[in-house]
> 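One structure follows; several queries about it will come next.
Counting starts at 1 for both ligands and their atoms, following the listed order. This one's a predicted model, so the numbers in the text were calculated from it and none came from an experiment.
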Amino acid sequence: MRKEAIHHRPTDNFAYAYDGETLHLRLRTKKGDVDKVELLHGDPYEWRNGAWQFQTMPMRKTGSDELFDYWFAEVKPPYRRLRYGFMLHSGEEKLIYTEKGFYVEAPIDDTAYYFCFPFVHRGDLFEAPDWVKDTVWYQIFPERFANGNPAISPEGARPWGSEDPTPTSFFGGDLQGIIDHLDYLVDLGVTGIYLTPIFRAPSNHKYDTADYFEIDPHFGDKETLKTLVQRCHEKGIRVMLDAVFNHCGYEFAPFQDVLKNGESSTYKDWFHIREFPLQTEPRPNYDTFAFVPQMPKLNTAHPEVKRYLLDVATYWIREFDIDGWRLDVANEIDHEFWREFRRVVKAQKPDIYILGEIWHDAMPWLRGDQFDAVMNYPFTDGALRFFAKEEMGARQFADRMVRVLHSYPNNVNEAAFNLLGSHDTPRILTVCGGDVRKAKLLFLFQLTFTGSPCIYYGDEIGMTGGNDPECRKCMVWDPEQQNKELRQHVKQLIALRKQHQALRRGEITFLHADDETNSLIYEKTDGNETVLVIINRSGEKADIPIPLDVRGKWLVNLLTGERFAAEAETLCAVLPPYGFVLYAVE
Ligand code: ARE
């Protein structure tokens with residue numbers, strides 16, 4: 001056995017409490033190297049005649065990536081504490097893997113050899129709100145969704161959709177526009193909206209906050225927001241706002257005070273100022289978001305700044321009953337700030353969703369004491385490379401997704417914010433080179449994956465555009481200009497997701513991933529029902545063998561309702577180019 005590939009640590013994605021009594025343990029081994037793994041486990045204080053009393057249970061292989069296999073076991077230790085090791089089998093070879101290293105026989109004279117999960121404490125659990133697992137989000141960039149109140153549009157706002165956006169142009173989208181179109185969202189099946197910033201700020205994107213306690217006057221006022229949240233709640237839609245706490249805008253009053261009073265400003269420690277007087281050229285001599293002088297970085301370790309921002313966070317929950325905070329540039333703010341943030345907002349509203357904007361591995365923020373989820377860009381990247389850009393074969397894609405899933409605990413995956421694109425990325429149809437069939441496959445994958453999917457406004461009707469600002473065009477409302485077929489596809493998948501718990505919450509297993517035909521089969525199962533998703537990501541017609549014994553079962557085509565009994569020994573799905581099918585196995 002390749003010992004150097006065998007890995008476990010009693011923490012994070014390898015060992016975690018799934019709930020108040022269940023532990024999940026994972027082991028990594030070299031791909032194809034190990035035939036069987038057993039978990040060897042027991043209570044540390046269970047002894048008889050000088051020997052530690054342990055039990056064994058088989059571990060299940062939950063997937064493989066390019067290099068490794070992953071093994072999984074679930075234990076409910078009666079006294080909530082555990083010592084454990086792994087018994088690995090490869091042909092005739094047997095090996096015991098413990099915290100102290102490898103043994104031929106399991107040591108029984110001391111539990112100190114073993115890995116230790118000391119105690120399952122409720123307070124240490126990662127617990128995301130349950131509702132997000134059933135939510136389908138819709139991201140709105142308010143300046144570009146709909147103009148519901150032309151009287152408050154910025155001066156010089158261009159007529160709706162009359163031209164492509166520039167970094168500084170305005171079109172007059174506002175909160176009333178969102179209220180006016182809630183039925184459109186209900187019809188699509190959306191149950192959550194995420195709005196990029198709405199507080200007073202000079203730019204069209206409003207990431208340069210001037211006042212955290214005011215709605216931008218071009219978007220509406222506090223009454224409009226109240227109405228929006230109320231109407232949403234009446235229609236079963238949750239509302240998430242964007243908190244830009246890493247930096248403020250140039251016009252933020254405390255920063256203006258520092259500009260005016262320099263070193264004698266009472267706000268000078270609210271920022272990270274390198275030297276006085278402040279200057280913006282050639283580069284700002286104070287810390288900023290990227291090198292953008294209009295976005296001075298806030299000193300979130302300063303007690304007054306902390307108090308101020310936490311007041312902001314609770315104010316919009318208390319007064320407006322919002323359901324989530326999306327946290328901008330979350331990874332550039334200190335962990336201690338986020339721990340306090342979680343305590344404070346959860347005290348205000350225990351089931352609020354805290355979503356960090358982090359593009360990279362975010363395990364340190366997902367240990368239960370900070371965020372409920374992060375924007376799952378590793379998911380986005382894999383999906384786009386396979387379905388849209390065709391830079392990856394089916395095998396590599398399955399491997400990539402297995403790696404994404406095994407880099408976090410299951411309870412983290414169940415609440416992950418799975419997006420295909422956002423206001424920071426090119427639109428999916430553009431990435432697909434305009435091929436609607438590929439965009440359909442992307443939505444299919446997203447809406448059958450575990451987690452909380454989010455649709456970027458307009459992607460469902462086939463809007464196009466490259467990077468920011470092109471991806472922020474005005475929403476197209478003329479039905480003649482909308483891709484109805486794509487919208488119908490998204491609507492149907494959302495409805496199926498709602499009907500089938502296995503699609504929302506089930507475990508995913510890749511059953512087939514073939515590079516030659518670029519076909520893919522995965523199964524979603526929640527123990528009660530199983531759904532097969534079969535995909536042909538190629539320009540050729542494909543005969544895809546179903547590698548599952550379904551004889552004697554019924555297969556129900558979820559898209560057409562057609563049922564047939566599977567009788568033959570081998571079963572093939574015959575799919576057109578870029579075709580797909582979903583079967584419930586009954
Ligand atoms: C403007 C211009 C851009 C230009 C940028 C930088 O439009 O063309 O590249 O300035 O000078 C907001 C506006 C943007 C604006 C920006 C600055 O929406 O239009 O861009 O302010 O004025 C990283 C961060 C991540 C951040 C992205 C953009 O980690 O937090 O960059 N995303 C948030 C918001 C943005 C917002 C801001 C932050 C600032 O979602 O909309 O921008 O408040 C890799 C890296 C990531 C990187 C990612 C994207 O994967 O690993 O770390 O994210 O690429 O670049």
> Record the part of Asp328 in heavy-atom contact with ligand 1 below 4.0 Å; permitted values are side chain, backbone, both and neither.
side chain

> May I ask you to decide if Trp131's main-chain N or O and Thr135's side chain share a donor-acceptor pair within less than 3.5 Å?
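Checking the backbone N and O of Trp131 against the side chain of Thr135, a donor-acceptor pair under 3.5 Å is found.
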
> Side chain of Ser169, backbone of Thr166: donor and acceptor closer than 3.5 Å?
yes

> So, does Met375 sit close enough to ligand 1 that a heavy atom of it is under 4.0 Å from the ligand?
no

> With a 4.0 Å cut-off, would you call Lys438 and Glu390 a salt bridge?
yes

> Is there a nitrogen or oxygen of Glu332 sitting under 3.5 Å from a nitrogen or oxygen of ligand 1?
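No: no nitrogen or oxygen of Glu332 is under 3.5 Å from one in ligand 1.
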
> Examine ligand 1 and decide if any of its atoms is less than 4.0 Å from a heavy atom belonging to His360.
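In this structure, His360 qualifies as a contact of ligand 1 - some heavy atom is under 4.0 Å.
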
> Suppose I only count heavy atoms of Glu357 and a 4.0 Å limit; which atoms of ligand 1 are within that range?
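The list of qualifying atoms is 25 (C), 26 (C), 30 (O), 32 (N), 33 (C), 34 (C), 40 (O).
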
> Once ring-ring contact (aromatic ring centres under 6.0 Å, His included) is applied, do any residues pair with His7, and if so which ones, sequence neighbours excluded?
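His7: ring-ring contact (aromatic ring centres under 6.0 Å, His included) contacts with Phe14.
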
> Cation-pi check, Arg537 to Phe386: give yes when NZ or CZ is under 6.0 Å from the six-membered ring centre and within 45° of the ring axis, no otherwise.
yes

> Against ligand 1, does Lys206 come closer than 4.0 Å with any heavy atom?
no

> Name the closest protein heavy atom to atom 1 (C) of ligand 1, giving the residue it belongs to and the distance to 0.1 Å.
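Checked against all protein heavy atoms, atom 1 (C) of ligand 1 sits closest to Asp468 OD2, 4.4 Å.
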
> Looking only at distances, please establish whether an N/O atom of ligand 1 is found under 3.5 Å from an N/O atom of Asn331.
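N/O-N/O distance below 3.5 Å does not exist for this pair.
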
> Assess whether a salt bridge exists between Arg158 and Glu163, defined as any Lys/Arg side-chain N lying under 4.0 Å from an Asp/Glu carboxylate O.
yes

> Yes or no, since that's all I need: does a protein heavy atom fall within a distance strictly under 4.0 Å of atom 4 (C) of ligand 1?
no

> Is it true that a side-chain atom of Arg26 and a backbone atom of Asn13 form a donor plus acceptor pair closer than 3.5 Å?
yes

> With backbone taken as N, CA, C and O and side chain as the heavy atoms from C-beta onward, which portion of Val329 lies under 4.0 Å from ligand 1: side chain, backbone, both, or neither?
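Val329 to ligand 1: contacts from backbone and side chain alike.
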
